[in-house]
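To keep things clear, I will list the structure first and then write my remarks on it.
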Protein chains: 2
Amino acid sequence: MRVEEKSGTRARILEACRILFNERGPAEVTTAEIALAVGISEGNLHYHFRRKAQIVAALFDAFEAAIAEVASGSDANTPLDHDLTAWFNLMWEWRFLYAASVYRLSPGLQPRLKTISDENQARIRARLESLRRQGRLDASSADIERLVVNAWIVASYWIDYLRTRQGIAHVEREHLRWGLAQIRALFAPYLVDNAPARSFEPATFGC
Amino acid sequence: MRVEEKSGTRARILEACRILFNERGPAEVTTAEIALAVGISEGNLHYHFRRKAQIVAALFDAFEAAIAEVASGSDANTPLDHDLTAWFNLMWEWRFLYAASVYRLSPGLQPRLKTISDENQARIRARLESLRRQGRLDASSADIERLVVNAWIVASYWIDYLRTRQGIAHVEREHLRWGLAQIRALFAPYLVDNAPARSFEPATFGC
DNA sequence: GTCTATAATGAGATAGAC
DNA sequence: GTCTATCTCATTATAGAC
């Protein structure tokens with residue numbers, strides 16, 4: 001196992017970018033700013049990543065890996081809310097990847113985002129169909145289809161909504177609670193459980 | 001009544017920009033491109049609008065005026081679906097104003113967008129509360145609150161969703177039908193009516 | 001691997017002639 | 001009002017020394 005980089009500069013660049021991009025989006029962050037944040041020169045930055053789009057691509061790789069990990073940690077027995085919380089925490093860390101502007105900068109990533117979206121929607125759909133068969137969800141397949149898509153839309157865009165429509169300049173981690181509540185509200189009317197609070201209870205935000 | 005401009009160039013610029021911006025967003029459209037589309041020189045474009053942000057601001061004025069017009073054409077007796085359709089048609093014509101990037105270019109417009117959002121959400125909320133009092137809607141005030149926000153989010157972002165998550169490169173006017181159906185699905189479970197199709201029926205998309 | 005210095009882009013903005 | 005030509009500026013990209 002060879003040590004390929006002594007300094008770990010590459011990793012530091014990526015982590016700095018993840019944070020900066022989450023704050024303002026890749027298009028709004030200049031390479032000069034990135035270099036400054038990492039504490040290296042622009043020339044050195046260019047040595048590690050020839051183009052800004054390459055940084056975004058590398059971050060997207062990490063995003064996909066993180067998704068695979070969360071997905072592997074959940075099955076049909078995992079409580080719905082535990083799942084939801086895990087996904088929301090993940091999304092939070094990579095929220096910059098949910099903005100359309102990213103995919104104008106790096107069009108090649110768009111099919112991969114679509115794949116992620118397709119696979120996870122399928123996962124949720126299967127989960128809901130299963131609940132339906134258990135009699136815990138009162139919804140037709142058509143209802144479920146619309147529901148999954150609406151949940152996906154709200155989950156993808158609630159941060160932008162808070163920023164532009166509620167005037168919250170800096171959406172913070174605490175707002176996750178708000179976002180989760182919006183998602184829960186989508187499912188609530190279909191839940192048969194007379195104790196819906198049961199399936200959707202104590203959300204803890206780790207890390 | 002003085003004739004202030006013979007040629008109507010200003011109006012042509014605005015209309016060309018509305019269309020171009022709807023396709024790709026103001027940040028992606030260069031001034032050179034605008035001038036070309038209108039069939040004038042960049043210098044002349046600059047004579048009419050010194051900065052691109054001024055074009056966006058002028059378009060926002062027109063947007064506000066259009067909203068006021070639609071709002072004035074609806075009251076508590078207007079069928080819900082007629083209202084929804086009118087709003088969707090309006091949104092479609094000004095859809096570029098629903099992207100966050102616009103408000104990075106022209107931050108001054110953001111409070112005005114918030115006002116629009118606040119006022120119209122209040123309108124919808126009042127409408128739903130009224131339905132509830134009539135016994136036609138089975139939802140608590142808290143439900144209504146969540147519902148209105150979710151509807152607003154879906155209405156604001158469904159186009160971007162279709163583009164980036166469904167891979168539909170060119171979202172067309174026909175997709176309005178799809179968007180409307182998603183919104184209806186949000187309200188459906190709360191409607192008491194045994195004929196919910198009634199309140200939400202024939203949607204015609206006028207030009 | 002890292003730096004300094006410089007080139008190459010591309011966009012918006014502007015001056016001045018017609 | 002409209003054009004052509006030019007300027008400024010921010011940003012990305014690159015070369016070459018250490």
Side-chain angles (χ1 to χ4, degrees), chain A residues 1-21 23-60 96 99 101-109, chain B residues 1-21 23-60 96 99 101-109:
Chain A
M1 199 188 279
R2 217 179 310 119
V3 175
E4 295 194 342
E5 26 166 341
K6 277 205 184 73
S7 57
T9 304
R10 189 189 148 93
R12 279 166 52 226
I13 293 170
L14 289 176
E15 181 59 8
C17 283
R18 189 182 65 79
I19 292 167
L20 284 172
F21 292 174
E23 281 165 6
R24 275 175 303 140
E28 315 302 314
V29 178
T30 67
T31 51
E33 215 171 339
I34 296 168
L36 186 70
V38 183
I40 60 175
S41 71
E42 287 193 63
N44 190 13
L45 176 63
H46 185 262
Y47 167 79
H48 287 282
F49 296 96
R50 300 177 74 86
R51 321 192 166 274
K52 199 157 73 170
Q54 290 180 354
I55 302 181
V56 175
L59 287 171
F60 198 93
F96 81 92
S101 58
V102 173
Y103 303 91
R104 247 175 269 123
L105 192 69
S106 312
L109 299 179
Chain B
M1 196 189 280
R2 218 177 311 119
V3 174
E4 294 194 343
E5 27 164 342
K6 277 206 183 75
S7 58
T9 304
R10 187 189 150 93
R12 278 166 53 225
I13 294 170
L14 289 176
E15 181 59 8
C17 283
R18 188 182 66 78
I19 292 167
L20 284 172
F21 292 174
E23 281 165 7
R24 274 176 303 141
E28 316 301 314
V29 178
T30 67
T31 51
E33 214 171 341
I34 296 169
L36 185 70
V38 183
I40 60 175
S41 70
E42 287 194 62
N44 190 12
L45 175 62
H46 184 264
Y47 167 80
H48 287 282
F49 296 96
R50 301 177 74 87
R51 320 190 166 274
K52 198 156 76 168
Q54 290 180 354
I55 302 180
V56 175
L59 287 171
F60 199 94
F96 80 93
S101 58
V102 173
Y103 302 91
R104 248 175 269 124
L105 191 71
S106 312
L109 298 180

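Below, chain A is the first sequence line, B the second, and so on; all start at residue 1.
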How many Å lie between [atom1] on [X] and [atom2] on [N], as a whole number?
X: Glu28(A); N: dT12(D); atom1: CD; atom2: P; answer: 11 Å
X: Leu45(B); N: dT2(D); atom1: CG; atom2: C1'; answer: 12 Å
X: His48(B); N: dA13(C); atom1: NE2; atom2: C1'; answer: 16 Å
X: Glu42(A); N: dT14(D); atom1: CD; atom2: P; answer: 13 Å
X: Leu36(B); N: dG12(C); atom1: CG; atom2: C1'; answer: 17 Å
X: Ile34(B); N: dG12(C); atom1: CD1; atom2: P; answer: 7 Å

Does [X] place a side-chain N or O at less than 4.0 Å from the phosphate oxygens OP1/OP2 of [N]?
X: Thr31(B); N: dA13(C); value: no
X: Asn44(B); N: dG1(D); value: no
X: His46(A); N: dA15(D); value: no
X: Tyr47(B); N: dT2(D); value: no

Quiz prompt | Basic-acidic side-chain contact under 4.0 Å: Glu15(B), Arg12(B) | solution = no

Closest approach of [X] to [Y] (non-hydrogen atoms, all atoms of both residues):
X: Val102(A); Y: Phe96(A); result: CG2-O, 3.1 Å
X: Leu59(A); Y: Leu14(A); result: CD2-O, 3.5 Å
X: Ile40(B); Y: Ile13(B); result: CD1-CD1, 4.0 Å

Quiz item: By ring pair (Phe, Tyr, Trp, His ring centres under 6.0 Å), which residues pair with Phe49(A), not counting sequence neighbours?
Solution: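 Expected list: none.
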
Practice problem: Could I get the full list of ring pair (Phe, Tyr, Trp, His ring centres under 6.0 Å) partners for Phe60(B), not counting sequence neighbours? | Solution: Phe63(B)

Self-check item: Contact list for residues 43-54 of chain B, test salt bridge (charged side-chain N to carboxylate O under 4.0 Å, His left out), sequence neighbours left out
Solution: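 Every pair satisfying salt bridge (charged side-chain N to carboxylate O under 4.0 Å, His left out) with a residue in residues 43-54 of chain B: there are none.
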
Practice problem: Only pairs at least two apart or in different chains count here, so list each salt bridge (charged side-chain N to carboxylate O under 4.0 Å, His left out) that has a residue in residues 24-37 of chain B. | Solution: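 Residue pairs with at least one partner in residues 24-37 of chain B: Arg104(A)-Glu28(B), Arg24(B)-Glu33(B).
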
Quiz item: Which of residues 50-60 of chain B have a heavy atom under 4.0 Å from DNA chain C?
Solution: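 Residues of residues 50-60 of chain B under 4.0 Å from DNA chain C: Arg50(B), Arg51(B), Lys52(B).
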
Quiz item: When rounded to the nearest 0.5 angstrom, what is the spacing between CD1 in Ile55(B) and CZ in Arg10(B)?
Solution: 9.5 Å

Polar atom pairs (N or O), protein with nucleotides 6-10 of chain D, under 3.5 Å:
none

